[in-house]
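Below: the structure, in structure tokens.
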There are 2 protein chains.
Amino acid sequence: MAQELEPHRALGEKFESWIKFDFDATRCPVRNLLDHIGDRWSILILSALAGGPKRFSALARAVPDISKRMLTQTLRRLQSDGFIDRDVQPTVPPQVTYSLTPLGKSLAGPLLGLIEWAETNFASVVEARAKMAEAA
Amino acid sequence: MAQELEPHRALGEKFESWIKFDFDATRCPVRNLLDHIGDRWSILILSALAGGPKRFSALARAVPDISKRMLTQTLRRLQSDGFIDRDVQPTVPPQVTYSLTPLGKSLAGPLLGLIEWAETNFASVVEARAKMAEAA
DNA sequence: CGGGATCCGCATCGATACTG
DNA sequence: CAGTATCGATGCGGATCCCG
């Protein structure tokens, strides 16, 4: 009846195939992606840049609770993964603008799916947690 | 021409709306989801269970490099978030089976999207990293 | 303005040993 | 079998100071 395999079945089959990579993070695509954007900040930064290019200080303002250290670190990593571009204008004072690469933009689709899920199902999760808490 | 907004544009607009939550993890759905399944193991466990219910030891075998400690901890958390069910058969020795709840299954869709992206774009990421490395 | 360098606390996680 | 308890390392991440 469904035109495709149910998502969770498909996910289960995917999982089986990962074993072939011996769960080596350098070879398993999923582990690799998780290791690189699964941290606290990457998805936030990527989302912030999704609306258009932003300068370093603008990013810092957009994500108020990130330290400069972590912002720099996260940006470097996203850059070396090919998700964002770094454009330096050698003016005084310097202007550095970050923007999504085509690869970065292509990641926005899947990310958006996850985020929309979070928004629609947030209430259910909170409810589930409340039930667990009162059971304890 | 696109029947919907380009994904990265849509993501950018989402991001703007998160600011209203003051980036409080207890109220912002996205931060909350990230805090709970953004760790190293949750997505792996969820994927392992997507193929069908599994017992504790079966999960340990499916994800070889997880310690019992982390497996237990991750399972408890996924359970309290309402993603998985824990079924205990009071036999000797005990049998504990974990399975995805409907909520957990509903998460499989978005997750699958992300995973398929990782598989198709893994090569590009590796290539980007190689370019960065040689530039240094 | 856009970082780099350094110091350091704190939470996370792994290994090991023990239990019902 | 399916955990719990305890200990210890490690490394993430914040705070601070400095620089071109």
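Not measured: the values here are computed from a predicted model. Below, all heavy atoms of this structure are taken into account, side chains as well, without hydrogens, waters or symmetry copies. Reminder, nothing fancy here: chain letters follow the sequence lines and each chain counts from 1.
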Does dA2(D) have OP1 or OP2 under 4.0 Å away from a side-chain N or O of R76(B)? no
Is any side-chain nitrogen or oxygen of T91(A) closer than 4.0 Å to OP1 or OP2 of dC1(C)? no
CA sep, side-chain torsions, deciding dist, call: R9(B), E13(B), salt bridge (Lys or Arg N to Asp or Glu O under 4.0 Å): CA-CA 6 Å; R9(B) 292 282 165 208; E13(B) 297 190 3; over 6 Å; no
Which heavy atom of F122(A) sits nearest a heavy atom of T26(B), and at what distance? CZ-O, 3.6 Å
For a quick test of reading the model: is some side-chain N or O of Y98(B) closer than 4.0 Å to OP1 or OP2 of dG3(D)? yes
When rounded to the nearest 0.5 Å, the distance separating CD1 of I84(A) from NZ of K105(A) is 13.5 Å
Quick one: which protein N/O atoms are closer than 3.5 Å to N/O atoms of nucleotides 11-15 of chain D? Pair and distance per line, please.
residue, atom, partner, partner atom, Å
dG13(D), N7, R69(A), NH2, 2.6
dG14(D), OP2, S67(A), OG, 3.2
dG14(D), N7, R69(A), NE, 3.4
dG14(D), O6, R69(A), NE, 3.0

Strictly under 3.5 Å: I want the nitrogen or oxygen pairs between protein and nucleotides 17-20 of chain C, one per line.
none

When the rotation axes relating C1' atoms of four end pairs to the next four are compared across the helix from dC1(C)-dG20(D) to dG20(C)-dC1(D), five pairs an end, they differ to 10° by 50°
So do the side chains of W41(B) and L75(B) get within less than 4.5 Å of each other, counting heavy atoms only? no
Within the distance-only criterion (no hydrogens, no angle test), does the side chain of K14(B) pair as donor or acceptor with the backbone N or O of I115(A) below 3.5 angstrom? no
Measuring to OP1 and OP2 of dC1(C), would you say a side-chain N or O of R55(A) lies under 4.0 angstrom away? no
Are V63(B) and W18(A) side-chain neighbours, meaning at least one heavy-atom pair lies under 4.5 Å? no
Quick one: does any side-chain atom of T97(A) pair with a main-chain N or O of K54(A) as donor and acceptor, under 3.5 Å? no
Evaluate side chain to side chain donor-acceptor pair (under 3.5 Å) for S42(A) paired with D39(A), printing each intermediate quantity in order. CA-CA 6 Å; S42(A) 292; D39(A) 67 290; 2.5 Å; yes
Has S57(A) got a side-chain N or O lying under 4.0 Å from the OP1 or OP2 atom of dC1(C)? no
